Amino acid sequence: MDNNLIIYNTLTRTKEKFEPLHPPLVGLYVCGPTVYSDVHLGNCRTFVSFDLIYRYFLHLGYKVRYVRNITDAGHLEGDMDEGDDKFAKKAKLEQLEPMEIVQKYTLGFRDMMSLFNALPPSIEPTATGHIIEQIEMVKQILKNGYAYEVNGTVYFDVEKYCKEFNYTILTNRQLEELLENTRELGGQNEKRGRLDFALWIKAKPEHIMRWPSPWGVGFPGWHIECSAMSSKYLGDSFDIHGGGMDLAATHHTNEIAQSQACNHVQPAKYWMHTNMLTVNGARMSKSKGNGFLPGELFTGNHPLLSRGFSPMSVRFFMLQAHYRSTLDFSNDALEASDKGFKRLMNAYGLLDKLSPSQKSDIDLKGLSDRCYAAMNDDFNSPVLIAELFEAVHIINSIYDGKTAATAQDLEDLKLLMKNFVFDVLGLKEESNQTDDMGQLLDFIISLRSEAKVNKDYATSDKIRIGLNALGIQLKDNKEGTTWNKI
RNA sequence: GGUCGGGUGGCCGAGUGGCUAGGCAGAGGUCUGCAAAACCUUUUACAGCGGUUCGAAUCCGCUCCUGACCUCCA
């Protein structure tokens with residue numbers, strides 16, 4: 001097992017050698033989506049990034065338990081601890097039960113992940129399925145003295161916590177400044193401290209999603225679900241906790257506080273945060289309304305897109321940037337990635353057609369080492385992809401007869417490509433032909449070839465132009481004619 | 001206002017002191033009835049000013065611009 005993996009840990013703001021708590025096991029928890037609306041591309045980027053990370057751990061031979069939750073309760077719209085939760089609001093809007101909203105968007109999310117070829121997590125727990133665990137955790141935090149109950153709502157006592165623990169450990173902010181910049185408590189507010197947040201919230205009479213608890217009927221606060229579910233499935237202390245960077249300052253900060261207050265241990269050894277997808281330099285977000293939806297992306301039905309792009313082209317586009325960098329989304333950038341991806345896949349296809357030589361003038365070991373070095377350096381997929389394009393260059397060169405490789409080298413090259421392109425990067429071939437259509441086209445192409453042999457170029461051009469108008473592009477190569485959808 | 005990031009060639013995006021990442025676009029070429037595609041070769045860069053150094057895109061200082069978080073968001 002490779003043990004040279006380096007991970008950037010938000011907790012220490014440095015790159016650290018990865019040493020699992022209980023090798024060969026790795027516990028990975030990632031904050032999943034809040035399923036009250038369609039996931040947009042920005043959400044997907046985070047999960048594609050963690051899919052890459054998950055896949056690389058698997059490739060290295062670790063036994064990974066990957067837990068990614070579905071938030072289906074407890075998330076409040078607008079100001080803290082006031083008003084309806086997002087599910088109730090959306091349910092009213094769409095005239096559905098809250099759980100119908102949850103079901104609809106959970107399935108939509110899974111479909112999207114599947115289109116992007118993201119492996120399903122080992123466990124995908126829901127907040128509503130773990131109300132008991134959350135109540136137990138709130139009880140323990142109360143018992144340990146880090147929370148207080150007011151009128152059916154339980155708040156986390158940040159001030160008390162700060163006396164013993166570093167509340168801002170993840171973001172390194174100054175507590176005094178946090179206090180200064182947090183809004184004043186209103187007269188009717190029940191919270192003692194400005195930074196206090198709700199662990200359990202009393203349900204108003206009209207609130208639909210509600211559960212009984214020792215403090216009356218209510219529902220859980222947003223942050224407690226991840227603390228409760230991560231410790232249930234991965235233990236009080238586990239290897240990696242991940243999520244989008246936007247979650248670090250609030251959600252993850254509070255998660256750490258809850259877990260420390262409950263169990264007196266840091267929940268995760270490594271905290272990993274993925275950066276945002278931007279559109280024209282601004283963050284793609286639900287509230288800004290600049291999100292791209294799956295349908296718009298694949299059909300191209302969006303003002304910023306000139307055409308539709310396939311899920312694998314988009315995945316490749318995402319992987320061409322490092323997960324901790326912002327990535328700017330544009331039609332041109334997508335177009336570039338689409339072509340690059342096709343070039344990579346084309347070279348992979350050539351691997352089967354290469355003829356072995358007696359000697360080899362390629363350095364496969366060096367190439368392989370550089371691929372691993374790239375991924376070991378905090379999952380640097382863009383550098384890995386650059387190395388894979390070196391492999392593309394080698395493959396094309398062998399195909400042209402300009403470079404020689406032994407049968408063994410060819411086999412190793414193929415294995416290398418398979419490992420990194422398919423297993424680690426999680427790309428897959430996007431077959432663009434159905435059997436019926438393929439056979440039909442083969443027949444038409446054979447007619448055209450006859451015309452060409454007879455130098456009847458009027459007919460051959462007519463077929464090519466006609467098919468082009470139908471969205472089929474013909475390409476004449478040495479071996480014959482191939483086709484693809486435009 | 002506070003905290004933390006960025007500013008790399010036409011575009012996207014790696015790179016933390018010396019060894020021109022990579023992809024796309026552009027240019028030239030090979031192949032081809034033509035075209036397209038494919039392949040080969042190749043030009044263009046490190047926001048500005050100052051400093052440290054034999055040497056800086058990379059370290060330090062200042063300036064300008066910009067993003068994220070601080071209030072729901074991956």
Side-chain angles (χ1 to χ4, degrees), chain A residues 10 13 30-34 36-37 39-50 71 75-80 83 85-86 168 171-174 176-178 180-183 222 242-251 253 273-278 281-288 291 316-317 320-322 324-344 346-347 350 370 374 377 380-390 392-393 396-397 399-400 402 452 455-457 460-461 464-465 468 473-478 481-484 486:
Chain A
T10 311
R13 281 165 291 280
V30 173
C31 291
T34 306
Y36 69 100
S37 64
V39 284
H40 59 65
L41 215 55
N43 303 118
C44 294
R45 186 193 176 196
T46 292
F47 303 123
V48 166
S49 295
F50 281 107
T71 296
H75 224 156
L76 291 168
E77 188 82 48
D79 203 357
M80 279 265 290
D85 69 37
K86 292 180 170 182
T168 56
T171 52
N172 203 29
R173 285 170 303 173
Q174 299 301 309
E176 298 75 32
E177 277 151 8
L178 255 187
E180 275 172 30
N181 291 297
T182 308
R183 69 188 65 195
W222 173 32
M245 264 182 193
D246 51 339
L247 298 180
T250 306
H251 182 54
T253 291
H273 289 99
T274 58
N275 216 319
M276 301 291 108
L277 189 66
T278 59
R283 172 186 175 188
M284 186 181 284
S285 77
K286 289 179 185 174
S287 52
K288 274 188 185 155
F316 185 73
F317 162 72
Q320 273 190 302
H322 188 255
R324 280 190 292 114
S325 300
T326 54
L327 171 61
D328 203 49
F329 184 84
S330 71
N331 191 76
D332 286 353
L334 222 42
E335 199 77 61
S337 291
D338 182 64
K339 292 202 174 151
F341 172 61
K342 284 181 175 148
R343 189 162 167 234
L344 182 65
N346 184 55
L350 285 180
R370 289 195 300 278
D377 183 16
N380 199 326
S381 56
V383 170
L384 169 63
I385 288 171
E387 297 299 344
L388 292 177
F389 274 107
E390 284 302 311
V392 168
H393 183 75
N396 287 330
S397 186
Y399 184 68
D400 281 355
K402 290 174 184 167
K452 278 176 67 181
K455 299 205 188 267
D456 179 6
Y457 297 123
S460 71
D461 285 355
R464 189 174 66 200
I465 293 163
N468 198 63
Q473 184 177 54
L474 297 187
K475 291 178 283 191
D476 295 333
N477 307 306
K478 280 182 202 162
T481 303
T482 59
W483 65 275
N484 62 274
I486 299 170

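Computed from a prediction, not measured in an experiment: that's the story for all the values here. These numbers come from the heavy atoms of this one structure, side chains and all, not from hydrogens, waters or symmetry mates. Lettering follows sequence order; numbering is per chain, from 1.
Each of N275(A) and F316(A) was matched to the nucleotide of RNA chain B holding its nearest heavy atom; the match closer to the 5' end belongs to F316(A).
The shortest distance between side-chain heavy atoms of L388(A) and L344(A) falls below 4.5 Å. At a threshold of 4.5 Å between non-hydrogen side-chain atoms, the residues R45(A) and N275(A) count as touching.
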Task: Nucleic acid footprint by protein, nucleotides 32-41 of chain B - heavy-atom cut-off 4.0 Å, B for base, S for sugar-phosphate alone - done: -BBBBSSSSS
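One distance of note links CG of D328(A) with OG1 of T278(A); it measures 3.5 Å at 0.5 Å rounding. With rounding to the nearest 0.5 Å, the separation of CG in N43(A) from CE in M284(A) is 9.0 Å. Taking NE2 from H273(A) and OG from S49(A), the interatomic distance works out to 13.0 Å, rounded to the nearest 0.5 Å. Taking CG of N331(A) as the reference point, atom CG of D338(A) lies at 10.0 Å (rounded to 0.5 Å).
E335(A) has its CD atom 16 Å from the C1' atom of G26(B), to the nearest Å. Rounded to a whole Å, the CE atom of M245(A) is 9 Å from the C1' atom of C4(B). If you measure from atom CG of D377(A) to atom P of G15(B), you get 7 Å, rounded to the nearest angstrom. Rounded to whole Å, atom P of G22(B) lies 11 Å from atom CZ of F389(A).
For D332(A), there are no salt bridge (charged side-chain N to carboxylate O under 4.0 Å, His left out) partners, not counting sequence neighbours. With sequence neighbours excluded, no residue satisfies side chain to side chain donor-acceptor pair (under 3.5 Å) with T250(A). R370(A) pairs by the salt bridge (charged side-chain N to carboxylate O under 4.0 Å, His left out) definition with E387(A), not counting sequence neighbours. By the salt bridge (charged side-chain N to carboxylate O under 4.0 Å, His left out) test, R343(A) is found to be paired with no residue, residues two or more places apart in sequence or in another chain being considered. By the side chain to side chain donor-acceptor pair (under 3.5 Å) test, N396(A) is found to be paired with no residue, residues two or more places apart in sequence or in another chain being considered. Every side chain to side chain contact (heavy atoms under 4.5 Å, CB included) that S325(A) has, sequence neighbours left out, goes to H322(A). By the side chain to side chain contact (heavy atoms under 4.5 Å, CB included) test, D456(A) is found to be paired with A451(A), A458(A), T459(A), residues two or more places apart in sequence or in another chain being considered. Scanning for ring-ring contact (aromatic ring centres under 6.0 Å, His included) contacts around F329(A) gives F292(A), F317(A), with sequence neighbours left out.
Note on T171(A): only backbone sugar-phosphate atoms sit closer than 4.0 angstrom, heavy atoms only; bases stay farther off. Across all strands shown, G42(A) has heavy atoms under 4.0 Å from base atoms, whether or not it also approaches the sugar-phosphate.
If you take atom P in G9(B) and the same atom in G22(B), they sit 16 Å apart, rounded to whole Å. Rounded to the nearest Å, the gap between the P atom of G61(B) and that of A68(B) is 25 Å. To the nearest whole angstrom, the two P atoms, one in C11(B) and one in G1(B), are 30 Å apart. Rounded to whole Å, the C1' atom of G7(B) lies 16 Å from the corresponding atom of C49(B). Using P as the reference atom, A37(B) and C46(B) are 32 Å apart when rounded to the nearest Å. Rounded to the nearest Å, the gap between the P atom of G17(B) and that of A57(B) is 13 Å. C4(B) and C62(B) are spaced 14 Å apart, taking the P atom of each and rounding to whole Å. Nucleotides U66(B) and C24(B), compared at atom P, are 33 Å apart to the nearest Å.
Taking 4.0 angstrom as the limit, T250(A) places a side-chain polar atom (N or O) nearer than this to OP1 or OP2 of C70(B).
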Protein-nucleotides 11-14 of chain B N/O pairs closer than 3.5 Å?
unit_1, atom_1, unit_2, atom_2, d
G13(B), OP1, D328(A), N, 2.8
G13(B), O2', Q320(A), O, 3.3
A14(B), OP1, H322(A), N, 2.6
A14(B), OP1, S325(A), OG, 2.9
A14(B), O3', N380(A), ND2, 3.4

I'd like a list of close polar pairs between nucleotides 27-30 of chain B and the protein, N/O only, cut-off under 3.5 Å.
none

Task: Base-pairing string, 5' to 3', of RNA chain B - Watson-Crick or wobble, under 3.5 Å, | interstrand - done: (((((((..(((.....[...))).(((((.......)))))....(((((..]....))))))))))))....
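Shown here for L247(A) and C31(A), the closest heavy-atom pair between the two residues is CD1-CB, 3.7 Å.
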